[in-house]
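Heads up, the thing below is written out as structure tokens.
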Amino acid sequence: MTKIRTRYAPSPTGKMHVGNLRSALYEFLIAKHEGGTFMLRIEDTDQERYVEGAVDIIYRTLEKTGMVHDEGPDKDGGVGPYVQSERMKTGIYMKYARELIEKKEAYYCFCDKERLDSLKTEVVEGKEITMYDKHCLSLSKEEIEENLKSGKPYVIRQNNPKEGTTTFHDELYGDITVDNAELDDMILIKSDGYPTYNFANVVDDHTMNITHVVRGNEYLSSSPKYTRLYEAFGWEVPVYVHLPLITDENHKKLAKRSGHASFEDLLEQGFLAEAVVNYIALLGWSPEDNREIFTLKELIDEFDYHRISKSPAVFDIVKLKWMNGEYLKAMKEEQFFELALPYLQETIKKPLDLKKIAAMVKTRIEIFPDIKDQIDFFEELPEYDTAMYTHKKMKTNEASSLEVLEEVLPLLEEQEDYSNDALYQMLLGLVEKKECKNGYVMWPVRTAVSGKQMTPAGATEIMEILGKEETLKRIKRGIELLKNAVN
Ligand code: GLU
């Protein structure tokens, strides 16, 4: 059996979007599942779309996601160069284009812009398509030679037959057959001497011994033309896996402008790389059971590309948040604290015990930016409505709360030990004395010290963090507010 070799072949045109990341991930998983090789190839032949810094994003993303490539521009595996603009300098594309010309599978085309503009355009599936009319196919050998000698600009086009059909196989979509008459004579070599993506991709996949190609299904319609190139050369066609579209919650194509579509944007929004990778793995693929949480290592073990689904995958940010929350819950306390620290410090400037606060929120947030909302009351008591003191189940209301707080205040003033345990015992003592439910005391106290309906911890844990002085201040404020409300 030939060893599996997959490639991630991004064009350095900007951010790394979810769709690209999914292709990369599946390529990585297919290779690693079989102990094969995962290769990185930079497809930079479209110089107009080249974006400065985009190559760095590609490397950063592979590193942050843990998709370590075995070969690439920085790791020679003997089939380089791994950057198409560098491969071009070796003359490889021109050599293969000439071979096709010899075989009459390609031809020089000298048509100028004016002539091309005058060609008939057809609208196919909402897109304007101009089929080249093979005008230059009928040039004589002498005419071609003369044009070349005089330096007339030219492109090299694929020569597709007008009759017959072409069939290719995709792992997901099965056999697809198209009429050759539908195949445009696409450009293989551009007038600037660069190969087109379409041509370079085929030449490189073959010469770099790629066995499996995973990419978005926007390439599906070009695949017959690629197949014809493989056939013309007499090369073996790789296994194709064209992935279904990723849509947003409204089943619209995931738009690049919506912030959550790029990997680095997601990290900036506070998502963990591991959670994003885990989530993206499930955008079109599912394991045999309904399991959802996978480390990269587990994905490698489980991934079987035959289980990829054809139906569009919905990118659901709510689900991703849930998954991220699961990763946070499972994380070691120390690591959580380290990662949460910048977010804690952004909200809390006072010298409070941030480690304890971090432990309180760990299981209550889905992404780090959620922290602020959970803990902002520690920094400053918010303005709050005394209606919050009323709690049906706890049987509290504003009057009962006022009474409790007035009883609690002197106890808290006397209390020296402000540890959670000591405070809890002290309040329990009051509960026993009053022969009431815990909540009857705890609810008003917690409300007074937090000013919030929901807090990441109970009354005494909060007081432990706040310390005596601040606690007393807040209890007094509660009494003051309740007095105004009751009278
Ligand atoms: N350079 C192409 C892209 O970034 C790669 C497509 C493919 O994997 O063949 O979309």
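Counting convention: from 1, in listed order, for ligands and their atoms alike.
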### Message
I'd like to check which ligand 1 atoms, numbered from 1 as shown, lie under 4.0 Å from a non-hydrogen atom of Tyr219.
### Response
2 (C), 3 (C), 6 (C), 10 (O)
### Query
Judging by distance only, is a nitrogen or oxygen of Pro10 under 3.5 angstrom from one on ligand 1?
no
### Task
Could you pull out, from Tyr240, Tyr197, Tyr226, Tyr8, the option with a heavy atom nearest to atom 7 (C) of ligand 1?
Tyr197
### Task
Identify whether NZ of Lys or CZ of Arg in Arg228 sits under 6.0 Å from the centre of the six-membered ring of Tyr230 and within 45° of that ring's axis.
no
### Query
With ring centroids as reference points, do Tyr8 and Phe28 lie under 6.0 angstrom apart?
no
### Message
Test your reading of the model: is there a side-chain donor-acceptor pair from Asn159 to the backbone of Lys104, 3.5 Å cut-off?
### Response
yes
### Task
Can you run down the salt bridge (Lys or Arg N to Asp or Glu O under 4.0 Å) pairs that involve residues 66-84, sequence neighbours left out, and say none if there aren't any?
Arg5-Glu71, Lys32-Asp70
### Message
If we only consider heavy atoms of Asn201, is any one of them less than 4.0 Å away from an atom in ligand 1?
### Response
yes
### Task
Flag the pair Trp322 / Tyr327 as yes when their ring centroid distance falls below 6.0 Å, and as no otherwise.
no
## Note on the structure
The closest protein heavy-atom partner of atom 5 (C) of ligand 1 is Ala9 O, 3.1 Å
### Query
Will you find, in the side chains of Arg87 and Thr207, an N or O donor that is under 3.5 Å from an N or O acceptor?
yes
#### Entry: For atom 8 (O) of ligand 1, the protein heavy atom that lies nearest, with its residue and separation
Arg7 NH1, 2.8 Å
### Message
Distance under 4.0 Å to a non-hydrogen atom of Glu43: what atoms of ligand 1 satisfy this?
### Response
1 (N), 2 (C), 5 (C)
